[in-house]
Amino acid sequence: MLRRAILAGGIAVLAVVSFGNPHRHVADLFWPGDAAPWEHVTAVYVPDVDQPTRVKISEATYDDLAACRDHVMEQAAAQGDPNLEKGRFECAIGFYADKDDGTGGEYRLIVK
């Protein structure tokens, strides 16, 4: 009986790992609101919401959400908007490519 339970559990774990992206699945389970240790965060900053096409996108170099927010607040202060009254931002966490060549894909989490 115990062997069957262990075997069924092992098969379930292999099924979860083999379908989709296991790194993303684990990140969703243990870090639902922030970046997992292997993920990076990209800051997306719009200095003026009246000009939504003027967007500043950082490289994906931040390790967590706090670092992304700090960067955006520094950018906002440099633009003369330290309280972020005119602009807005998003932090995009963990890009997962759909294809092996890195094209296409989506971020695991976008925090506003």
Side-chain angles (χ1 to χ4, degrees):
M1 183 73 165
L2 181 60
R3 281 190 230 167
R4 287 184 185 173
I6 292 172
L7 181 61
I11 291 171
V13 168
L14 287 175
V16 167
V17 170
S18 64
F19 294 114
N21 191 321
H23 289 97
R24 183 178 180 156
H25 182 72
V26 170
D28 282 336
L29 285 175
F30 295 105
W31 294 276
D34 205 345
W38 57 86
E39 293 178 321
H40 296 287
V41 183
T42 303
V44 180
Y45 171 55
V46 179
D48 188 352
V49 293
D50 293 333
Q51 298 176 353
T53 57
R54 197 173 141 224
V55 179
K56 294 184 176 186
I57 301 173
S58 74
E59 295 293 323
T61 57
Y62 303 102
D63 292 329
D64 58 17
L65 192 55
C68 173
R69 286 183 176 150
D70 290 345
H71 170 75
V72 169
M73 295 312 289
E74 288 174 9
Q75 292 290 313
Q79 294 287 327
D81 187 18
N83 297 324
L84 209 62
E85 295 170 351
K86 294 187 282 184
R88 66 175 175 83
F89 76 97
E90 296 175 344
C91 292
I93 299 172
F95 185 79
Y96 290 90
D98 288 337
K99 300 176 183 169
D100 291 335
D101 64 358
T103 59
E106 63 184 4
Y107 287 96
R108 179 177 66 87
L109 180 65
I110 297 178
V111 179
K112 295 181 180 188

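Numbers here simply count residues along the sequence, with the first being 1.
- Judged by distance alone, the side chain of D81 and the main-chain N or O of G87 form a donor-acceptor pair under 3.5 Å.
- A distance of 14.5 Å separates CZ of F95 from CD1 of I93, quoted to the nearest 0.5 Å.
- The two residues Y96 and N21 make their nearest non-hydrogen contact at CD2-ND2, 3.1 Å.
- A distance of 9.0 Å separates NE2 in H71 from SG in C91, rounded to the nearest 0.5 Å.
- Here the closest non-hydrogen pair linking L109 and P32 is CD2-O, 3.3 Å.
- If you chain together hydrophobic residues whose side chains sit under 4.5 Å apart, V111 and V41 fall into the same group.
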Problem set entry | Worked verdict on R108 versus H23 for side chain to side chain contact (heavy atoms under 4.5 Å, CB included) | CA-CA 10 Å; R108 179 177 66 87; H23 289 97; over 6 Å; no

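- Residues F89 and L84 meet the side-chain proximity criterion, which asks for heavy atoms closer than 4.5 Å.
- Minimum heavy-atom separation, Y45 to A76: OH-CA, 3.2 Å.
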Exercise. Run the side chain to side chain contact (heavy atoms under 4.5 Å, CB included) check on Y107 and T42 step by step: do they pass?
Worked result: CA-CA 10 Å; Y107 287 96; T42 303; 3.6 Å; yes

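- The nearest pair of heavy atoms linking P52 to V46 is CA-CG1, 4.2 Å.
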For this session: Go through the steps for V26 and W38 under the test side chain to side chain contact (heavy atoms under 4.5 Å, CB included), then give the verdict.
Result: CA-CA 11 Å; V26 170; W38 57 86; 3.8 Å; yes

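- The nearest pair of heavy atoms linking L65 to D34 is N-OD1, 2.9 Å.
- The side-chain contact (heavy atoms from CB on, under 4.5 Å) test with Q79 singles out one residue from E74, K56, K86, and that residue is K56.
- For the pair D48 (side chain) and D50 (backbone), a donor-acceptor distance under 3.5 Å is present.
- When all heavy atoms are compared, the tightest approach of A36 to A27 is CB-CB, 3.9 Å.
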